[in-house]
Every structure is written in C-alpha cells, then in structure tokens.
Trainee: 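Before anything else, here's the structure in question.
First the proteins, then the strands, lettered A, B, ... as listed; each starts at 1. Computed from heavy atoms alone, side chains included, the values below leave out hydrogens, waters and symmetry copies.
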Protein chains: 2
Amino acid sequence: MPDAPYDRCAMTAAANQSGRRATASRRLERAGIRDVAAAAGVSITTVSDALNGKGRLPDETRSRVREVAERLGYRPSAAARTLRTGRSGLIGLTVTTYGEEPFTFTEFAYFAEMARAATSAALGRGYALVVLPASSRHDVWSNVALDGTVVIDPADQDPLVSELYRSGVPVVSDGKPGNCPVTAWVDNDHEAAVLEILDHLSEAGARRIGLLTGTSTDTYTRLSTEAYLAWCAHVGQEPVYEAYPAHDPAAGAVAADRLLARPDRPDAVYGLFDPNGTDLLAAARRYGLRVPDDLLLVCCSESDVYAGTEPPITTLSLKPRRIGTTVVNLLIDAIEGVDSGTGVDVSRLFQPRYRTAGSGPPPGTLMPTELIVRASSQRRSPRTTISAPRTPGEV
Amino acid sequence: MPDAPYDRCAMTAAANQSGRRATASRRLERAGIRDVAAAAGVSITTVSDALNGKGRLPDETRSRVREVAERLGYRPSAAARTLRTGRSGLIGLTVTTYGEEPFTFTEFAYFAEMARAATSAALGRGYALVVLPASSRHDVWSNVALDGTVVIDPADQDPLVSELYRSGVPVVSDGKPGNCPVTAWVDNDHEAAVLEILDHLSEAGARRIGLLTGTSTDTYTRLSTEAYLAWCAHVGQEPVYEAYPAHDPAAGAVAADRLLARPDRPDAVYGLFDPNGTDLLAAARRYGLRVPDDLLLVCCSESDVYAGTEPPITTLSLKPRRIGTTVVNLLIDAIEGVDSGTGVDVSRLFQPRYRTAGSGPPPGTLMPTELIVRASSQRRSPRTTISAPRTPGEV
DNA sequence: GGCCCTGGCAGAACCGTTTCTCCATGCTGC
DNA sequence: GCAGCATGGAGAAACGGTTCTGCCAGGGCC
C-alpha cells in the first residue's frame with residue numbers, strides 16, 4: 001500500500017469533508033459518499049468510480065474503497081443518482097380502472113399473471129415495476145421518475161400515451177395500439193385464436209356457434225368479436241352472441257343465461273372471459289343441457305379450475321407470462337438502446353425518439369395462444385369439418 | 001396587470017436564464033422550472049411557490065405562473081424533488097419468492113387481492129407502489145428511494161427489515177412479526193379463526209377433524225397449526241394432519257390424498273390453503289366419500305369458485321382487501337406523521353425513529369376473518385338442502 | 001533531454017428542484 | 001418623519017451523487 005499518496009489524499013479529503021458541514025454535529029445520519037471518501041482517504045470521484053466499476057483505478061484502491069463503504073453501511077442515494085444520470089431503474093405498468101373501484105387488474109387471472117411475469121422480468125434485468133392507474137393524469141404520474149412504461153391495451157389516441165411520448169418516455173403496449181405513438185407492442189393473435197376455436201367446435205359437430213363477448217372496446221374484445229363475425233360471414237352462419245360489461249362479475253352469469261335462452265339457441269358457445277366457463281356451465285344445467293352432448297363449451301381462461309370442473313372445460317390460454325416477459329424485455333431494450341444519457345445526442349434531436357427510423361408503424365409482435373382441449377368441446381369425432389381448415393397466419 | 005414590476009422581473013429572469021446554459025442551443029428539451037420562470041418573468045422561487053401553493057403570493061401571480069407552466073407543458077422532475085425533499089411518494093411491497101420462479105405472489109388469491117387493495121389505497125393517498133422481492137438485498141432495494149415499505153410476513157430477525165430499519169425507512173408488516181423492528185403490523189386473528197372453524201365443524205357433527213397444513217414457517221401456517229393442536233389438546237382429540245409445501249401446486253393434491261388415506265381417517269377436514277378445497281373434493285371422490293355426508297370440508301380461500309362447486313364448499317376469507325388497505329394506511333400515517341423532513345430534528349435524534357415512544361412492542365392490529373358457511377360443512381341439524389338452487393345473479 | 005502517453009486521482013460543474021434568508025417597497029400608527 | 005410591519009419576491013444554498021476536465025508523476029521513445 002503506497003503511503004505517501006495516501007497521506008496526501010487523506011488531508012485533502014478531510015479538508016473537503018470539513019468544508020461541507022461546518023454547522024451541526026450530525027451523528028446518526030446516513031453515510032454519504034463524502035463520508036466514505038474521507039474514511040478511505042480518497043476523493044469522492046474515486047469512491048464513485050470504485051463503486052461503479054468505472055474510471056482507471058488499481059484493484060487495490062477499488063477494493064479498499066469498497067471495503068470502507070461496506071463498513072460504513074454506505075448506500076448511494078437513489079434520488080441523487082437518478083437526478084444526475086436521468087435513469088431511475090423504474091418502469092411503470094398501467095392498470096385499468098373501472099368506476100368506483102380503482103382496480104380490476106387482478107380481476108382476471110390474465111392480468112395477474114401478466115403483471116407477475118412483467119415484474120419478474122423487470123427485476124431480472126435490474127428494474128423495478130411501479131403499478132399506476134391509466135387514469136389520473138399528472139397527479140401520480142408526474143411524481144415518479146419512470147424510464148419507461150408498459151401500457152395495457154391503450155385506447156385509440158390514448159392521452160396518457162401521448163403525454164408519455166411527449167415526455168420522451170418509451171412506451172410498449174400489451175395489446176395492438178390503435179393510433180398511438182408506442183415504441184413497440186405485443187399482442188396475442190386474437191383472430192387466429194378465435195378462428196382456431198370456431199374451427200375446432202365445428203369439427204366437433206357444432207352447427208350454430210354462439211359467442212359470449214364484452215361491451216367494452218378494448219382490443220381483445222374488439223378483435224375477437226370481429227373475427228367471430230367474419231367467420232360467421234365466411235361459413236354462412238347467422239351470428240349468435242350476447243355482450244355484457246366484462247368488469248361486472250354478476251353480469252356474466254346473466255348474459256350466459258340470456259344466450260342459452262334465445263330461440264336460436266347455439267349448440268356451442270365460446271366465452272371470451274374467464275368466468276364464462278363456470279357461468280355457462282351453470283346456465284346449461286339450468287336449462288337441462290348436457291355438456292358436451294347438447295352444448296359444446298370453450299372459454300378463454302388462465303385458470304386451471306376448468307381442468308377439474310364437471311365436465312372439464314376446454315380453455316384458450318393467452319399465455320400471459322410470455323406476454324408480460326416479452327413486453328418488459330422490449331421496453332428495457334428500448335430504454336437501454338436509445339440511451340440519450342450522456343449529454344444531448346444532436347443526431348436524433350429533431351426526430352421522434354424511440355421509434356424505428358423511417359417512422360412507419362411501430363414494430364409489433366404477435367404471440368400465439370394455446371388451446372387446451374378438454375371434454376367440454378369433444379363430441380363426435382368423425383363428423384368432419386364444416387368450414388375449411390385455415391392456417392393460423394391468415395387474418 | 002402591473003407593468004413596472006413585470007418588466008423588472010423579466011429582465012432579471014432573462015439574465016438568470018441566459019446565465020445557465022451558455023453553451024448549446026438546447027431545443028426540444030423538456031421545460032424546466034427555469035424556463036417557466038423566464039417565460040413568466042418571475043424567479044424560480046416564485047414559480048415553485050406558485051405551483052406548490054406555498055409562499056406569499058397574490059392570486060394574480062399564482063394563476064399567471066400556473067398558466068405559463070401549463071402552456072409550456074412543464075412537469076417538475078420527480079428525481080429533483082425527491083432529492084430535495086427526501087420524499088419520493090413511493091412505497092415498497094415485498095413479495096416472497098420460491099426457488100427458481102421468482103414470484104409466487106399471485107399464486108394465491110389472498111396476495112393478489114391484498115396487493116390490489118394496497119395499490120389502490122396507496123394511490124388514493126398519492127403514493128405509488130413498487131413491487132420488490134423480499135430477497136435480493138442491495139441490488140434492487142438500493143436503487144429505488146422508498147418512503148416506506150410493506151413487508152409481507154417477515155421472518156424472525158428478518159435481515160431485510162433490519163436493513164430498512166437502519167436506513168430509517170418505516171416498515172409495516174402484513175403478518176405479526178416475530179422479532180423485527182417494524183413500525184406496526186396487521187394480521188388476521190388466526191387463532192380465533194381456526195377455533196371458530198373447528199367449533200363449527202364440531203357442531204356439524206364432526207368427531208375427528210383433520211388439518212391440511214403447510215411445511216413452511218410463516219406466521220399464518222404456524223399460528224393456525226398451533227391453534228389446531230391446542231384445540232385438539234383441549235377437546236381431547238388426537239391430531240390428524242398432513243403438511244406439504246404450500247407453494248407447490250401439485251403437492252396439495254397428494255397431501256389431500258394422504259390425509260384421506262390414513263387409517264385414522266378424519267370425518268372433517270380444514271385445509272389452510274386456497275386449492276385445498278378442490279383437492280380434498282377430488283380426493284374424497286376417489287375414496288367414495290360423499291361431502292358433506294361422509295366428510296365435512298372447510299378451506300381457507302378468497303376464491304368464489306367454491307360457491308359453485310358440487311357441493312359448494314365452506315370457506316374462510318381472510319379479507320385481504322381490508323388487510324391491504326389497513327397496512328398501507330398505517331404505513332403512510334407513519335411516513336407522514338414522523339416527517340423528519342426539514343433539517344435535523346434533534347429531539348429524536350438518539351431515539352429509534354418510527355416507534356412509539358417507550359419502545360414497547362410495535363402496535364399491531366388483529367383483523368377479523370369471515371367464515372362463509374356453505375353446504376360442505378353442514379350435515380345434521382335440519383338436514384336441509386345439499387345444494388340450494390341459485391339465481392343467475394349469484395356468483 | 002524534451003515529448004508524449006498513460007495511469008491515478010482530485011476539483012468542480014451539473015442534474016432540477018425546494019426552501020431559507022433577506023431585501024425592497026408601501027403603508028400604518030404615533 | 002420614522003419605527004415597525006406586512007407584502008411580494010429575488011438570491012443562493014442545499015440535496016447527493018456522476019462525470020468531465022485536468023493535473024501530476026513516471027516511463028518509453030526519439
């Protein structure tokens with residue numbers, strides 16, 4: 001250990017230190033970087049470099065500083081670091097809110113699973129996730145420094161997304177955006193999924209397939225319903241569907257009942273939402289319909305309770321884990337890729353940031369779904385297809 | 001509008017502004033408070049005061065500044081504000097992690113609901129929630145400035161809680177802490193809940209009540225099991241229980257099977273975890289046991305699927321919404337109550353902060369649970385319906 | 001021997017707020 | 001006519017890091 005420079009530095013550091021807090025004897029305060037520098041006999045530059053693995057320092061100094069920092073229980077201030085570097089290590093996750101009750105994001109297993117995967121993926125890359133409501137504009141959003149945001153199912157011309165875009169915060173959306181300046185998006189191939197289900201039900205012998213759908217205008221509901229209608233038009237079946245507000249748990253049972261009470265009662269039903277399987281099963285019982293003999297059933301759900309119902313119900317899984325992981329990784333890629341961190345990067349100063357050069361539509365990824373076939377949708381095996389089989393890629 | 005002071009101020013502000021960035025022509029940058037001050041012809045002090053409702057300013061100035069800020073799309077930097085005020089508006093929520101898969105917090109509906117309520121309560125008071133894993137010490141925790149933290153079920157001598165305590169971050173725990181310096185805690189009255197269930201089963205005719213419990217040492221499992229054993233000792237029944245790792249979804253079914261395969265097979269079972277109802281029902285079917293005639297069943301669950309099983313199963317609800325709301329409100333009370341914000345408050349410098357003076361055990365709140373009695377635990381008294389007809393509206 | 005290069009580090013600017021301090025002005029009461 | 005006070009607002013010091021710049025010493029090279 002070289003002694004001469006150590007002594008010199010110690011004096012400088014001590015002077016620096018005493019020059020800072022001339023007033024009170026502040027004991028019990030958290031150790032700052034200056035304290036570490038003083039204790040280690042180096043400058044704060046050296047401490048910062050040593051702790052962050054930067055600069056040109058011999059390993060000896062580096063380890064000594066690290067040891068002193070450890071001994072003092074030094075924790076760098078996240079706020080100061082964020083202020084200087086412009087990076088907080090936080091990414092936002094919007095959740096939709098319905099009416100009075102602020103949150104419905106754990107209502108459906110899809111969101112819960114997706115949020116879990118997103119949280120996990122973010123942490124795996126050193127980021128933490130902040131859950132924020134899609135409404136309530138400046139109130140909360142302005143109070144937290146975000147490096148980027150995952151927006152679930154943005155509306156057309158979503159004001160929140162616009163605001164974030166203006167602020168230069170990258171946004172990746174779960175759900176294909178309508179007309180939003182998002183950096184990227186991820187979604188399931190809802191058209192393909194619905195067509196696969198309808199074909200599957202047809203092959204099982206269904207002649208009139210009904211749909212239990214929602215009244216809201218989110219991408220999922222819209223695309224699925226459109227795909228259903230398109231399929232009906234294609235095979236020449238009259239559409240039979242009932243829509244209800246999906247966020248109201250009681251309304252689903254009523255809608256299921258309505259659907260099966262119709263004069264043109266379907267002999268197969270696909271329910272877009274998680275509880276529809278249970279609701280439809282109960283409704284079928286009430287009307288004395290046997291599943292799958294009198295009624296074929298499929299619903300979209302992430303819950304495995306449908307493996308244990310009587311009969312087990314065929315479900316479509318949207319694979320929310322995969323969505324959550326992908327969406328977060330895309331977002332962090334965008335955050336770390338652009339990196340307007342050091343100073344002003346003049347080259348892209350007058351271009352929209354975080355967009356692919358050329359500014360076409362934002363890049364999107366369609367992820368496949370998974371149909372888990374169970375007893376509720378299997379009736380007559382041979383009784384072949386009514387409609388021509390179609391490839392998943394077809395829209 | 002007074003003209004003379006406006007002109008004077010404008011000149012000062014312009015000088016101030018130009019004195020700042022002599023170098024580049026930084027267009028497209030987000031407007032800072034200096035820009036607002038320059039545009040409004042006032043000092044940055046005035047802008048800050050006007051926007052934050054502080055200082056002594058005439059309404060005229062206040063509204064003018066506000067309008068200019070609005071026009072410029074000014075958003076204060078959260079990082080700078082946090083650095084200066086020491087408050088980030090963020091509170092942490094720990095989640096437990098099991099083995100490889102980092103997250104199990106939405107595994108049980110309890111945590112999902114609790115987290116949802118906590119998020120909602122925090123947002124209602126102007127805070128945002130950050131989800132962080134209970135493990136992974138400095139990595140992530142140091143990178144985010146937290147005003148306080150909700151810790152779910154801290155371990156005895158929990159290192160994370162100790163660390164947070166040393167950092168002066170208030171901690172409120174969900175689950176009665178063993179030996180942790182938490183500010184406050186909230187928990188269900190697990191003893192009372194278990195005793196209520198056991199009494200309920202006894203009254204329904206149970207002679208030998210079994211328990212399906214967990215192998216982990218968290219408060220919930222421990223207290224519930226202890227209450228069960230105490231009850232057994234009290235009434236003179238030999239304990240009959242099986243324990244399994246609750247985080248393993250497959251193990252539950254096996255344990256349920258084991259419990260019903262025992263030579264001293266119970267005629268009633270209480271399952272501590274959410275999936276136990278389904279598992280026990282399936283196991284009972286396998287052994288030809290009718291519920292509730294041959295086997296009474298209760299399980300702890302927040303899921304409403306048990307209202308629709310055949311037969312419907314009696315559940316104990318821990319009311320996670322109430323827990324989540326309470327725990328967050330207690331935490332924010334602690335954050336805002338102590339408020340060592342302005343400078344060093346010498347009076348409490350040498351006392352442990354965020355504890356009740358006198359430093360006895362931290363204040364805790366026991367919240368009641370709710371037993372939802374359904375067919376599975378009702379056998380002999382009036383020998384009424386096994387499954388009541390239910391209206392479509394009922395969930 | 002001058003020069004450049006490189007390693008090792010100190011100094012100081014800077015990030016964008018909040019807030020403490022203090023000054024100028026006009027008015028009141030005596 | 002002046003002390004005293006309220007009002008309105010400017011100035012500058014923090015907050016606690018990161019990082020750009022630059023100094024100094026030593027060694028290789030011509």
Trainee: Using the rule given for salt bridge (Lys or Arg N to Asp or Glu O under 4.0 Å), can you reason through B:Glu67 versus B:Arg64, listing the C-alpha separation, both sets of side-chain angles and the distance that settles it, and then say yes or no?
Mentor: CA-CA 5 Å; B:Glu67 181 204 320; B:Arg64 181 163 49 89; over 6 Å; no
Trainee: Side chain of B:Ile44, heavy atoms from C-beta onward: which of C:dA10, D:dT18, C:dT17 has the nearest atom to it?
Mentor: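 Of the candidates, C:dT17 comes closest.
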Trainee: Could you state the atom-to-atom distance from CZ of A:Arg34 to C1' of C:dA10 in whole Å?
Mentor: 14 Å
Trainee: So what does A:Thr61 touch, heavy atoms closer than 4.0 Å: a base, only the sugar-phosphate, or nothing?
Mentor: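 Touches sugar-phosphate only.
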Trainee: Between C:dT17 atom C1' and B:Asp35 atom CG, what is the distance in whole Å?
Mentor: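 Taking CG of B:Asp35 and C1' of C:dT17, I get 13 Å after rounding.
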Trainee: Is A:Tyr74 near enough to D:dG17 that one of its side-chain N or O atoms lies under 4.0 angstrom from OP1 or OP2?
Mentor: yes
Trainee: So, A:Asn329 side chain and A:Thr326 main chain: donor-acceptor pair closer than 3.5 Å or not?
Mentor: no
Trainee: What nucleic acid atoms does A:Arg56 come within less than 4.0 Å of, heavy atoms only: base, sugar-phosphate, or nothing?
Mentor: base
Trainee: When we call it a touch if two heavy atoms are under 4.0 Å apart, what does A:Thr45 touch: a base, just sugar-phosphate, or nothing?
Mentor: base
Trainee: Assign B:Asp49 to base, sugar-phosphate, or nothing according to its heavy-atom contacts below 4.0 angstrom with the strands shown.
Mentor: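 Base: the residue B:Asp49, judged by heavy atoms under 4.0 Å, touches a nucleobase.
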Trainee: Measure from CZ on A:Arg64 to C1' on C:dG8 and round the result to the nearest Å.
Mentor: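 Roughly 12 Å, once rounded to whole Å.
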Trainee: Check whether any side-chain N or O of B:Ser77 sits under 4.0 Å from OP1 or OP2 of C:dG16, and answer yes or no.
Mentor: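 Checking B:Ser77 against C:dG16: no side-chain N or O falls below 4.0 Å of OP1 or OP2.
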Trainee: Tell whether B:Arg84 reaches the base of C:dT17 with its side chain through a donor-acceptor pair below 3.5 angstrom.
Mentor: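 No such pair is found, so the answer is no.
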Trainee: More 5' along DNA chain C: A:Pro58 or B:Ile33, using each one's nearest nucleotide?
Mentor: A:Pro58
Trainee: Looking at A:Thr85 and A:Arg87, would you say the former's side chain and the latter's main chain have a donor-acceptor pair under 3.5 Å?
Mentor: yes
Trainee: B:Leu83 CG to C:dT18 C1': how many Å, rounded?
Mentor: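 Rounded to whole Å, this separation is 10 Å.
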Trainee: CG of A:Leu72 versus P of D:dG17: gap in Å, rounded?
Mentor: 12 Å
Trainee: Using modelled atom types only, decide if a donor and an acceptor are shared between the side chain of B:Arg30 and the backbone of B:Arg75 within a distance under 3.5 Å.
Mentor: yes
Trainee: Does any donor atom in the side chain of A:Thr46 or A:Ser43 lie under 3.5 Å from an acceptor atom in the other side chain?
Mentor: yes
Trainee: Counting only side-chain N and O atoms of B:Lys54, is one of them less than 4.0 Å from OP1 or OP2 of C:dT18?
Mentor: no
Trainee: Starting from C1' on C:dT17, measure out to CZ on A:Arg81 and report it in whole angstrom.
Mentor: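 Going from A:Arg81 (CZ) to C:dT17 (C1'), I get 20 Å.
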Trainee: Could you give the CZ-to-C1' distance, from B:Arg62 to D:dG8, as a whole number of Å?
Mentor: 11 Å
